[in-house]
Amino acid sequence: VAVLKGSGVAGAAQKEADKLTELGMKVVHVGNAPGNEKLGKTQVYQLPAGKEKTATKDKFKELYGSVSSDSSKYSLNVDAQFIVVVGTGS
């Protein structure tokens, strides 16, 4: 899992990454959303599309409400199958 800050709040991505780690997920990257993007709600994207991790996807749906496969605006060079972009309303 890669966790990006999309809230403008310092430390928000690391706090969310710590929470996901406590839930047993492997966080491989913590950083900022491109262009300091600001989101009102936390968004989850699955990468690469078609590589199904059903249990993880279901957990993200439970935590955040949905998982999108349209991750085209996030091109990270990390070994992650999901990107969590932390918004202001987490």
Side-chain angles (χ1 to χ4, degrees):
V1 177
V3 182
L4 303 179
K5 178 181 75 173
S7 65
V9 177
Q14 187 60 58
K15 182 178 176 182
E16 198 67 18
D18 292 345
K19 177 177 133 182
L20 294 173
T21 299
E22 287 177 17
L23 292 172
M25 296 187 188
K26 181 180 175 187
V27 176
V28 297
H29 177 79
V30 178
N32 295 320
N36 291 317
E37 176 183 27
K38 304 282 188 298
L39 298 176
K41 178 181 166 191
T42 296
Q43 303 288 319
V44 181
Y45 301 91
Q46 185 172 8
L47 331 163
K51 223 177 178 186
E52 206 53 41
K53 291 285 188 180
T54 307
T56 305
K57 186 175 183 177
D58 289 346
K59 187 63 176 176
F60 280 130
K61 283 182 179 178
E62 178 186 320
L63 291 169
Y64 305 110
S66 67
V67 175
S68 174
S69 59
D70 180 17
S71 60
S72 56
K73 62 182 168 181
Y74 302 106
S75 58
L76 299 175
N77 190 20
V78 295
D79 185 24
Q81 293 178 333
F82 293 90
I83 297 174
V84 176
V85 185
V86 180
T88 57
S90 289

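As the structure is a computational prediction, the values presented were derived from the model and not from experiment.
- In this structure, T88 and S7 approach most closely via the heavy-atom pair CG2-O, 3.4 Å.
- Looking only at side-chain heavy atoms (C-beta outward), L63 and V44 stay at 4.5 Å or farther from each other.
- Residues A80 and V28 share a closest heavy-atom pair of CB-CG2, 3.8 Å.
- Remark: I83 CD1 to L47 CG distance equals 4.0 Å, nearest 0.5 Å.
- The shortest heavy-atom contact between V27 and A17 is CG2-O, 3.7 Å.
- Note that CG of L4 is 12.0 Å distant from CD of Q43, once rounded to the nearest 0.5 Å.
- Residues V67 and Y45 approach most closely at CG1-C, 4.4 Å, considering heavy atoms.
- Scanning all heavy atoms of the two residues, the minimum distance from K41 to Y64 falls at CE-O, 3.8 Å.
- Put simply, the side chain of K5 reaches to within 4.5 Å of the side chain of N32, judged on heavy atoms.
- The CD atom of Q81 lies 12.0 Å from the CE atom of M25; values are rounded to the nearest 0.5 Å.
- Looking at every heavy atom in both residues, G87 comes nearest to T42 through N-OG1, 3.1 Å.
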Quiz item: Would L20 and F60 satisfy side-chain contact (heavy atoms from CB on, under 4.5 Å), going step by step from the backbone distance to the final call?
Solution: CA-CA 10 Å; L20 294 173; F60 280 130; 4.0 Å; yes
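- Between E62 and K59 a salt bridge is recorded (basic side-chain N to carboxylate O distance below 4.0 Å).
- We find the NZ-OG1 distance between K26 and T56 to be 12.5 Å, quoted to the nearest 0.5 Å.
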Exercise. Take V30 and E16, measure what side-chain contact (heavy atoms from CB on, under 4.5 Å) needs, and give me the verdict at the end.
Key: CA-CA 9 Å; V30 178; E16 198 67 18; over 6 Å; no
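- Counting heavy atoms of neighbouring residues, nucleotides and ligands inside a 6.0 Å radius, atom NZ of K38 exceeds 12 of them.
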